[in-house]
Participant: 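Structure in structure tokens, see below.
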Amino acid sequence: MTSLDLELARERSHHDACRAALIRMTEDVAGQVVTGEDTAASGADAEALGRHLRSRAKEMREQPPGPLFFARLDREDGQIHHIGRRRIAEDHAAPPLVVDWRAPVSRAYYQAGAHDPQGVLRRRRFGWAPYSDGASEDLTALEDEQLTAGGAVTASALLAGEIERPRVGPMRDIAATIQPEQDDLVRSDPAASLCVQGAPGTGKTAVGLHRAAYLLYTHPQRIRRSGLLVLGPHRAFLSYISEVLPSLGETGIRQATLADEIARHPVRAEDGGAAASVKHDARMAEVLHRALYGRVDPAPADDLAVPDGSSHWRLPAAGLAEIVAAVREEAPPYATGRERVRARIVRALQLRAERRWGPMGAAWARRIERARTVTAFLDACWPRTTPEEVLAGLLTDPADPALTAAERAAIRWERPPRSYRSARWTAADLVLLDELAGLIERPESYGHVVVDEAQDLSPMECRAIARRTGFGSLTVLGDLAQGTTPWAARDWPEQLAHLGKPGAPVVPLTLGYRVPAAIVDLANRLLPHLGADVPAGRSVRKDGEVTVHRTTDLRTATAEAVRAALTAEGSVGVITTEELVGVAESAVTGLSDLSGEASGRAGERVTVLPASAVKGLEFDHVVVVEPAAIVAAEARGANRLYVALTRAVSRLTLVHEEELPGWLRG
């Protein structure tokens, strides 16, 4: 038996001990739930304890299978730390068998090097069989790196193998492969907002998700109490990332699209391009503010007389106007402002009554504030309203001077509904309704929000997110070069201002670990034509393959490209325009020459998508069908093509009948 075999046997034995300890931990937590149900405490305390224990038990039961550690640190002081996705110990007071990757002691695994050993003698990486469910025999390799001062830097074959492993199924966590510059972002100040400008393949999405997991570990009470939200661009993306946080031991985190967050009504209509552009424009914030507060009468014409038994208490119109003006100047939410006016009217009346009759109690004040004349005055001066009522009025007659005549015509309803209750709202209308709802009554704020593909958000969508992070922080992820919406951001400072975090630092990630250099270099040819001033991406991977097929039969050539892609391991994405999706799908389903088993696997491995739906996704092999059509399909078609090209993490094939865009030729 070689020394490697002995070391593997020792590590497998340690993994068995970790597995046994984890089983005991799970059983102990389940037992605590039973014990906690019999605990004598107040109703509220018992409920809180039970909720906490049941949550822990559920988290332990639902943790996904897999290896319990991926690395080991041997320190100069003799301590040895195995590092994994969660802490494992024989009991709460015992030294851990596995240290959580987020713990301070684990940081040296990601940051230490020969130039700065940070007290580490040796860093060990473990190689597990692909898709292992955590059986100890799946530990098949290990690799030691000696961190002596001045020592040579050696490349890690296991690290490269893990990074380059084929993409099958949902996105995986990168706890085992986080690079130093990524680790700096993951562990950055939790109270500070951060923007990551990441070129394709640099791991910006993974950084955002791992930062979320880190915040939940380091500030569990504050973050869980106020909530953590992960916002993605579409449901396919959310499905793709859905297993990352659970694999890191964090469950119950809300992952949603912005449309989910602001969905007051179903979308039952569609805006034209001109109307959508106006509704998403930043000027609409002031337009809506004026439409709402235009309902307030700042100068009541009549005095207010409130009956009180045989007496009447009177407030002059000038005094009422002062109250309304003072509340307007304080700029509370609209609904709060109405009640604030009511409270000050009652207080002014109370002072008059007390000058004549002496102290008046709380019961008197409640009776006066419910007086019909007071409510009637409020209904006339500061009326109750709803976001739907205000927006319906605006879209019926958009007369705001901030909009041009053409813009007013674009958003005006051709056939106004009989009532706002029967209105058919568009997706952009829901953004405006959310703005109005925030003006009427402020929404609750999350402790932290991770926003991916943030470059595609409109100013009004950014404001919807800003309202939800008024007292929290943001992790903003995106790539200006991948901006594809008509209102996509051109620079980050302006976008961050719309998001309510104007001072947030922008940190570029340019070194890619997933997309090979051949594909990155091809995509970089498009950068000068994308209207975004971003640094070009680079790749540590020197492999990768780009193939170009010129054809006169698009369907047949696509089928041949997919057939060739299926000879290698991994997922295959076929990306084209909306109009050509049917051609691509028929090419895939027509692969009749594959055997039955291979044909079944093809159905599992091949995904056909329009270019508009691939942002944030990755495939081992991408077949881009008719690149010129993707460019011609929309105003930001070149940006859309850039996105499509960079979904490939191993191989890329271009299939085309039309001439390729000039930037890609040669």
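In this chain, residues are counted from 1 in sequence order. Every heavy atom of this structure was used, including side-chain atoms; hydrogens, water molecules and symmetry mates were not.
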Participant: Out of L395, V431, L391, which residue meets the side chain to side chain contact (heavy atoms under 4.5 Å, CB included) rule with K279?
Facilitator: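 So, applying the side chain to side chain contact (heavy atoms under 4.5 Å, CB included) to K279 and each of L395, V431, L391, only L395 qualifies.
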
Participant: Would the number of heavy atoms belonging to other residues, nucleotides or ligands and lying under 6.0 Å from CD of E657 be above 12?
Facilitator: yes

Participant: Taking all heavy atoms of Y513 and all of V540, pick out the closest pair and write down the distance.
Facilitator: CD2-CG2, 3.7 Å

Participant: D452 versus L209: any side-chain heavy-atom pair under 4.5 Å?
Facilitator: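 A side-chain contact is absent here, since even the closest heavy-atom pair is not under 4.5 Å.
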
Participant: Roughly how far, to the nearest 0.5 Å, is CE of M171 from CG of L617?
Facilitator: 11.0 Å

Participant: Whether the Q182 and H210 side chains hold a donor-acceptor pair (N or O, under 3.5 Å, no angle test) is what I'd like checked.
Facilitator: no

Participant: Check whether the ring centres of W128 and H15 lie less than 6.0 Å apart, and answer yes or no.
Facilitator: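 Yes, the ring centres sit under 6.0 Å apart.
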
Participant: Please step through side-chain contact (heavy atoms from CB on, under 4.5 Å) for the pair R538 and V520, ending with a clear verdict.
Facilitator: CA-CA 7 Å; R538 301 170 295 135; V520 170; 5.8 Å; no

Participant: How long is the straight-line distance from CG of L480 back to CG of D456, given to the nearest 0.5 Å?
Facilitator: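 Reported value, rounded in 0.5 Å steps: 10.0 Å.
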
Participant: Within the structure provided, determine whether L248 and L216 are in side-chain contact (heavy-atom separation under 4.5 Å).
Facilitator: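 Side-chain contact under 4.5 Å: no.
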
Participant: Determine whether R651 and T547 make a side-chain contact, defined as any pair of heavy atoms from C-beta on separated by less than 4.5 Å.
Facilitator: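 Contact flag for R651/T547 side chains = no.
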
Participant: Are the side chain of D491 and the backbone N or O of E494 linked by a donor-acceptor pair below 3.5 Å?
Facilitator: yes

Participant: Which distance, rounded to the nearest 0.5 Å, do you find between the CG of L654 and the CG of L645?
Facilitator: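 One gets 6.5 Å once the value is rounded to the nearest 0.5 Å.
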
Participant: Give a yes or no on whether the backbone of A199 and the side-chain of D479 come within a donor-acceptor separation of less than 3.5 Å.
Facilitator: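 The answer is no, because no donor-acceptor pair under 3.5 Å joins these two groups.
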
Participant: Do you know the tightest heavy-atom contact between T646 and P200?
Facilitator: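 It is CB-CB, 3.5 Å.
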
Participant: Do S247 and R172 come within less than 4.5 Å of each other through their side chains, counting heavy atoms only?
Facilitator: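 When only atoms from C-beta onward are counted, R172 and S247 do not touch, as no gap falls below 4.5 Å.
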
Participant: Before you tell me yes or no, could you show the steps for T551 and T556 under side-chain contact (heavy atoms from CB on, under 4.5 Å), namely the whole-Å CA-CA distance, both residues' side-chain angles and the distance that decides it to 0.1 Å?
Facilitator: CA-CA 9 Å; T551 182; T556 299; 6.0 Å; no

Participant: Would one find more than 12 heavy atoms of other residues, nucleotides or ligands at under 6.0 Å from atom CD of E270?
Facilitator: no

Participant: Specify the closest pair of heavy atoms between G208 and L477, including all atoms of both residues, with the distance to one decimal.
Facilitator: CA-CD1, 3.8 Å

Participant: So does T426 get a backbone contact from the side chain of D429, meaning a donor-acceptor N/O pair under 3.5 Å?
Facilitator: yes

Participant: Hey, does Y217 have a side-chain heavy atom less than 4.5 Å from the side chain of W101?
Facilitator: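 Answer no - side chains too far apart.
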
Participant: Does R665 offer a backbone N or O that forms a donor-acceptor pair with the side chain of R525 under 3.5 Å?
Facilitator: yes

Participant: Apply the ring pair (Phe, Tyr, Trp, His ring centres under 6.0 Å) test between F126 and each candidate in F69, F70, Y109; give the one that qualifies.
Facilitator: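 Of all the options given, the one that passes is F69.
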
Participant: Mind checking whether L231 and Y446 have side chains closer than 4.5 Å, heavy atoms only?
Facilitator: no

Participant: Would you say R125 and E145 make side-chain contact, with heavy atoms under 4.5 Å?
Facilitator: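 Of all side-chain heavy-atom pairs linking E145 with R125, at least one is under 4.5 Å.
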
Participant: Quick one, T484 and Q482 - any side-chain contact, counting heavy atoms below 4.5 Å?
Facilitator: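 A side-chain contact is absent here, since even the closest heavy-atom pair is not under 4.5 Å.
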
Participant: Would E626 and T577 count as a side chain to side chain donor-acceptor pair (under 3.5 Å) here? Give the steps.
Facilitator: CA-CA 8 Å; E626 208 62 274; T577 62; over 6 Å; no

Participant: Assess whether side chain to side chain donor-acceptor pair (under 3.5 Å) is satisfied between H549 and E560, documenting all intermediate values.
Facilitator: CA-CA 10 Å; H549 288 311; E560 291 174 353; over 6 Å; no

Participant: Could you tell me which non-hydrogen atom of A565 sits nearest to which non-hydrogen atom of R605, and how far apart they are?
Facilitator: O-NH2, 3.9 Å

Participant: Could you walk me through whether Y110 and V186 pass side-chain contact (heavy atoms from CB on, under 4.5 Å), step by step?
Facilitator: CA-CA 11 Å; Y110 301 106; V186 167; over 6 Å; no

Participant: Can we say R264 and D434 salt-bridge, meaning some charged N sits less than 4.0 Å from an Asp/Glu carboxylate O?
Facilitator: no

Participant: Assess whether a salt bridge exists between D173 and R85, defined as any Lys/Arg side-chain N lying under 4.0 Å from an Asp/Glu carboxylate O.
Facilitator: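 R85 and D173: salt-bridged.
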
Participant: So which atom in L580 and which in T576 form the shortest heavy-atom distance, rounded to 0.1 Å?
Facilitator: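 Scanning both residues completely, I find the closest heavy atoms to be CB-OG1, 3.3 Å.
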
Participant: Under 3.5 Å, side chain of R463 to main-chain N/O of P459, donor-acceptor pair present?
Facilitator: no

Participant: Taking R555 for the side chain and S586 for the main chain, is one N or O donor matched with an acceptor at less than 3.5 Å?
Facilitator: yes

Participant: Would I241 and V230 count as a side-chain contact (heavy atoms from CB on, under 4.5 Å) here? Give the steps.
Facilitator: CA-CA 10 Å; I241 68 169; V230 177; 4.1 Å; yes

Participant: State which residues pass side-chain contact (heavy atoms from CB on, under 4.5 Å) with A256; sequence neighbours excluded, sorted by chain then number.
Facilitator: L229, R254, D260

Participant: First locate atom OG of S422, then atom CD of E388, and finally report the distance between them rounded to the nearest 0.5 Å.
Facilitator: 12.0 Å

Participant: State whether R550 and E659 are salt-bridged, where the test is any N-O pair (Lys NZ or Arg NE/NH1/NH2 against Asp/Glu carboxylate O) under 4.0 Å.
Facilitator: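 Between E659 and R550 there is a salt bridge, with a charged N closer than 4.0 Å to a carboxylate O.
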
Participant: Work out which heavy atom in V608 is nearest to a heavy atom in A584; give both atom names and the distance.
Facilitator: CG1-CB, 3.7 Å

Participant: Indicate yes or no for a side-chain donor-acceptor contact from D543 to the backbone of P516 under 3.5 Å, with no hydrogens or angles considered.
Facilitator: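 Such a contact is absent between D543 side chain and P516 backbone.
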
Participant: Give, for atom CD1 of I465 and atom OG1 of T469, the distance between the pair rounded to the nearest 0.5 Å.
Facilitator: 8.0 Å

Participant: If we ignore hydrogens and angles and just use 3.5 Å, is the side chain of S571 paired with the main-chain N or O of F619 as donor and acceptor?
Facilitator: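 Not confirmed, S571 side chain does not pair with F619 backbone.
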
Participant: Counting N and O atoms only, with roles assigned by atom type, does the side chain of R102 sit under 3.5 Å from a partner on the main chain of A213, one being a donor and the other an acceptor?
Facilitator: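 It does hold such a pair.
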
Participant: Would a distance-only check, ignoring hydrogens and angles, find a side-chain to backbone donor-acceptor pair under 3.5 Å from N639 to L530?
Facilitator: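 Yes: the side chain of N639 pairs with the backbone of L530.
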
Participant: What distance separates L499 CG from R468 CZ, expressed to the nearest 0.5 Å?
Facilitator: 12.5 Å

